[in-house]
Amino acid sequence: MDFTTNHKIMVEGSDFTTCRQKVQKFFDRNILVKYDTIEIKEEESLSAGSPSFMVMVDQGMEKNRKLINEFMKELKDCGINTLDELSAMDQGYESKTLHTICHLLDGFFGIDSAFYNLTEDSHWLSARLRKKINSGASGYWLLTVKASASSNPDLIPTLRSAANQP
């Protein structure tokens with residue numbers, strides 16, 4: 001069984017090649033998220049000068065928000081409806097779901113990250129940086145990354161990813 005996912009990674013840099021190197025280095029150094037292959041797709045990547053840039057950033061953040069909402073629904077389906085109930089939560093599926101939600105909110109990159117802002121180490125785009133980019137800052141790129149894992153077929157079904165959940 002293969003696991004394949006896509007990420008949109010926003011990065012600061014003067015050109016695609018510089019940004020590709022930064023993104024590759026990010027994946028090479030990430031000790032928790034390991035893929036067998038990382039393909040950075042130049043033809044699907046955009047500079048901040050592209051009219052589609054901010055639209056694609058917003059779509060990526062919306063995918064992250066939708067994922068959080070789906071995980072929140074999973075918790076509700078498991079009977080977790082209030083913050084007070086979190087302290088009584090057993091370790092297991094529910095706590096791992098909460099853990100994933102927290103990572104998406106706090107900026108910790110994971111296999112579920114649809115959009116990741118490498119510049120701010122976040123799944124979101126701050127108002128300050130949005131304003132800077134919208135005012136004409138050209139040194140930002142949105143790179144499309146296709147990543148896959150297949151070297152350990154016993155591990156792949158255990159990855160905590162929305163794509164692998166019932």
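For clarity, every value in this text was computed on a predicted model and none was experimentally measured. Just so you know, these numbers use all the heavy atoms, side chains as well, and skip hydrogens, waters and symmetry mates.
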Check: If only atom types and distance count, is the side chain of Ser95 paired as donor or acceptor with the main-chain N or O of Gly92 below 3.5 Å?
Finding: yes
Checklist line | Rounded distance (nearest 0.5 Å) linking atom CG of Leu75 with atom OG1 of Thr82 | finding: 11.5 Å
Note to self: Are Phe115 and His7 an aromatic pair, judged by ring center distance below 6.0 Å?
What the structure shows: no
Next item on the list: Look up atom CG in Leu129 and atom OG in Ser122, then write down how far apart they are to the nearest 0.5 Å.
Entry: 10.0 Å
Margin query: Using the rule given for side chain to side chain donor-acceptor pair (under 3.5 Å), can you reason through Lys146 versus Thr4, listing the C-alpha separation, both sets of side-chain angles and the distance that settles it, and then say yes or no?
Written below: CA-CA 7 Å; Lys146 181 179 179 182; Thr4 301; 5.9 Å; no
Notebook entry, point to check: Rounded to the nearest 0.5 Å, how far does CG of Leu46 lie from CG of Leu143?
Noted result: 9.0 Å
Next item on the list: Please work out which of the three classes, parallel, tilted or perpendicular, describes the rings of Phe26 and Tyr116, given edges at 30° and 60°.
Entry: parallel
Note to self: Just verifying a value: how many Å separate Asp77 CG and Glu74 CD, rounded to the nearest 0.5 Å?
What the structure shows: 7.5 Å
Notebook entry, point to check: Which word best sums up how the rings of Tyr35 and Phe27 line up, parallel for under 30°, tilted for 30 to 60°, or perpendicular for over 60°?
Noted result: tilted
Notebook entry, point to check: Does Lys34 NZ have over 12 foreign heavy atoms under 6.0 Å away?
Noted result: yes
Notebook entry, point to check: Is Lys76 atom NZ crowded by more than 12 heavy atoms from other residues, nucleotides or ligands, each under 6.0 Å away?
Noted result: no
Margin query: Between Asp58 and Arg130, does any side-chain N to carboxylate O distance fall below 4.0 Å?
Written below: yes
Next item on the list: Measure the spacing between CG of Asn134 and CG of Leu125 and express it to the nearest 0.5 Å.
Entry: 8.5 Å
Next item on the list: Using the rule that two of Ile, Leu, Val, Met, Phe, Trp, Tyr join whenever any of their side-chain heavy atoms come within less than 4.5 Å, decide whether Ile133 and Val55 are in one cluster.
Entry: no
Note to self: Would you say Leu32 ends up clustered with Ile111 if hydrophobic residues are merged whenever their side chains have heavy atoms under 4.5 Å apart, either directly or through other cluster members?
What the structure shows: no
